[in-house]
There are 2 protein chains.
Amino acid sequence: MNVDLENLQNHRRQFNADSNKSDEIGPRLHQLRKGRGWTLQDASKASGISASAFSKIERGELSPTISTIQRIARGFEMDVLSLLSDPDEQPTLLGRRSVTRVNEGKPHLSGNCDNQLLCADLKNKRMTPIRTRVVARDVEEYDVWPKTDAEIYMTVLSGTVVVHSKIYEPLELHEGDSMYYDASAEHVWTREGPEEAIVLWVLTS
Amino acid sequence: MNVDLENLQNHRRQFNADSNKSDEIGPRLHQLRKGRGWTLQDASKASGISASAFSKIERGELSPTISTIQRIARGFEMDVLSLLSDPDEQPTLLGRRSVTRVNEGKPHLSGNCDNQLLCADLKNKRMTPIRTRVVARDVEEYDVWPKTDAEIYMTVLSGTVVVHSKIYEPLELHEGDSMYYDASAEHVWTREGPEEAIVLWVLTS
DNA sequence: ACAAAAAATTTCCTATAGTATATTTTTTGT
DNA sequence: ACAAAAAATATACTATAGGAAATTTTTTGT
């Protein structure tokens with residue numbers, strides 16, 4: 001477990017930073033209102049913002065205050081964030097897909113583990129699936145205990161894995177066992193027993 | 001593959017809708033500025049907003065316009081959305097974790113598949129891991145082809161699965177093969193051959 | 001403890017957001 | 001094609017956002 005978590009996360013963050021580039025609420029509001037088949041007066045009634053102001057905002061003749069935006073959001077029964085984030089600008093796979101055959105993942109070696117990034121050719125995924133052969137037999141073999149704000153789902157494909165955490169007792173997982181945890185608490189994996197330990201895990205940001 | 005996708009999605013959406021309830025930019029900006037050790041003049045220089053205005057905004061004496069917020073976001077080198085979304089309010093697992101032992105998932109039967117929700121006791125996860133025994137042998141057995149805006153990662157644990165899609169040719173996946181796809185294009189699974197087919201999949205919103 | 005410096009707030013002013021009403025444009029029915 | 005109705009925009013005004021400079025508060029050094 002040492003595919004460079006930091007890097008994976010930064011990559012995603014970088015991307016998010018410049019998404020929603022044309023942060024124009026005008027067209028966004030117009031699209032939303034028309035999408036519901038509302039007139040300016042409907043929108044006005046729902047939000048408490050005058051129709052004229054609404055019209056000016058939609059056409060970019062006026063930059064609404066945040067409190068106005070909040071009132072509009074309430075009118076549309078949505079939260080400010082989703083009001084501001086245009087789904088059309090959201091990075092999406094749009095029907096794309098990627099297949100990785102057995103043992104054909106993209107190698108990504110790191111200190112204590114032998115990782116294979118799965119479906120790595122698809123960019124801007126919301127999850128990162130990885131197949132890892134756990135090498136470490138002892139916690140001492142880890143110099144750093146990785147930590148991010150991601151969530152991790154892992155399942156043991158073969159062998160026995162021990163999950164060590166700074167806030168829990170060590171936990172043994174056998175073939176077929178699953179675990180879901182928050183990577184903001186440091187966790188590392190070691191293997192146990194004679195068989196080699198293979199873990200399939202997926203992480204999100 | 002027929003764990004009620006709609007329901008899973010709606011659940012998550014519902015949750016997102018009322019996140020960020022105290023949408024007060026004032027404290028948020030104060031926290032951000034102080035976090036960087038900036039004075040009001042620093043913030044003013046970076047954003048182009050006068051220190052006095054900045055002060056008033058922080059104390060809620062003034063509701064900034066969206067264009068002001070955009071300028072502030074540029075000053076802080078972040079996008080408007082992450083400026084507005086207080087990470088402290090973000091739903092997080094905060095070190096929580098959940099384990100599911102082999103064959104101990106929460107059953108979730110549906111038309112053509114035998115699903116087990118894994119780690120189902122943890123709420124507000126960003127991913128939903130599911131273990132499914134694919135029953136259908138023919139596409140005809142599906143009355144509806146599920147479709148959402150989620151992304152799906154799946155891997156075949158045993159047997160042979162054929163992935164049918166409205167926009168791709170059918171694709172055979174064998175034990176150990178992985179696939180990542182966008183569920184906005186309809187996909188259904190059937191099994192092939194004598195062995196029973198088990199799929200492990202994870203979906204995100 | 002005091003003065004000097006730096007940071008935050010207040011004041012007063014101008015620019016612009018937002019309202020009510022009038023006008024123009026578009027849609028609908030005959 | 002025309003009139004009536006409905007929707008969108010323009011106008012004139014009020015309320016408030018935002019800037020420059022003055023004032024107060026907090027911090028720092030001696």
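Naming: A, B, ... by sequence-line order, numbering from 1 per chain. On a predicted model such as this, the values are computed, not experimentally measured, just so you know.
Distance, A:Leu29 CG to C:dG18 P: 12 Å, rounded to whole Å. Between B:Leu62 atom CG and C:dA15 atom P there is a gap of 17 Å when expressed in whole angstrom units. Per the geometry, CD1 belonging to A:Ile72 stands 13 Å off P belonging to C:dA17, to the nearest Å.
Here the side chains of A:Tyr181 and A:Met154 are in contact, with some heavy-atom distance below 4.5 Å. Contact check for A:Thr132 versus A:Trp201: side-chain heavy atoms found under the 4.5 Å cut-off. In this structure the side chain of A:Leu29 reaches within 4.5 angstrom of the side chain of A:Leu83, judged on heavy atoms.
Within residues 50-61 of chain B, the residues that have a heavy atom under 4.0 Å from DNA chain C are, in order of number, B:Ser52, B:Ser55, B:Lys56, B:Arg59, B:Glu61. Contacts of residues 41-48 of chain A with DNA chain C (heavy atom under 4.0 Å): A:Gly48.
If you check C:dT19, C:dA17, C:dA8 against the side chain of B:Thr39, the one that comes closest is C:dA8.
Checked against salt bridge (charged side-chain N to carboxylate O under 4.0 Å, His left out), A:Glu196 has the following partners two or more places apart in sequence or in another chain: A:Arg133. Shown here are the side chain to side chain donor-acceptor pair (under 3.5 Å) partners of B:Glu172, two or more places apart in sequence or in another chain: B:His174. Take A:Arg101 and apply the side chain to side chain donor-acceptor pair (under 3.5 Å) test, not counting sequence neighbours, and it matches B:Asp177. Listed by chain and residue number, nothing satisfies the side chain to side chain donor-acceptor pair (under 3.5 Å) test with B:Ser44 (two or more places apart in sequence, or in another chain). Listed by chain and residue number, B:Val161, B:Leu173 satisfy the side-chain contact (heavy atoms from CB on, under 4.5 Å) test with B:Val156 (two or more places apart in sequence, or in another chain). Residues satisfying the side-chain contact (heavy atoms from CB on, under 4.5 Å) test with A:Glu61, not counting sequence neighbours, are A:Lys56, A:Arg59. Take B:Ser47 and apply the side chain to side chain donor-acceptor pair (under 3.5 Å) test, not counting sequence neighbours, and it matches no residue.
Taking 4.0 Å as the cutoff to heavy atoms of chain A, we find the contact window on DNA chain D bounded by D:dA7 to D:dA17.
Taking a pair as Watson-Crick or G-U with both hydrogen-bonding distances under 3.5 Å, the stems of three or more pairs touching DNA chain C are C:1-30 with D:1-30.
A cation-pi arrangement is absent between A:Arg97 and B:Tyr180, since the terminal nitrogen or guanidinium carbon is not both under 6.0 Å from the aromatic centre and inside a 45° cone about the axis.
Between B:Arg33 and C:dA7, a side-chain N or O to OP1/OP2 separation shorter than 4.0 Å is absent.
Within the structure, the salt bridge (Lys or Arg N to Asp or Glu O under 4.0 Å) test picks out the following pairs touching residues 31-47 of chain A (sequence neighbours left out): A:Arg33-A:Glu58.
Considering all non-hydrogen atoms of both residues, A:Arg191 and A:Ala197 come closest at CB-CB, 3.7 Å.
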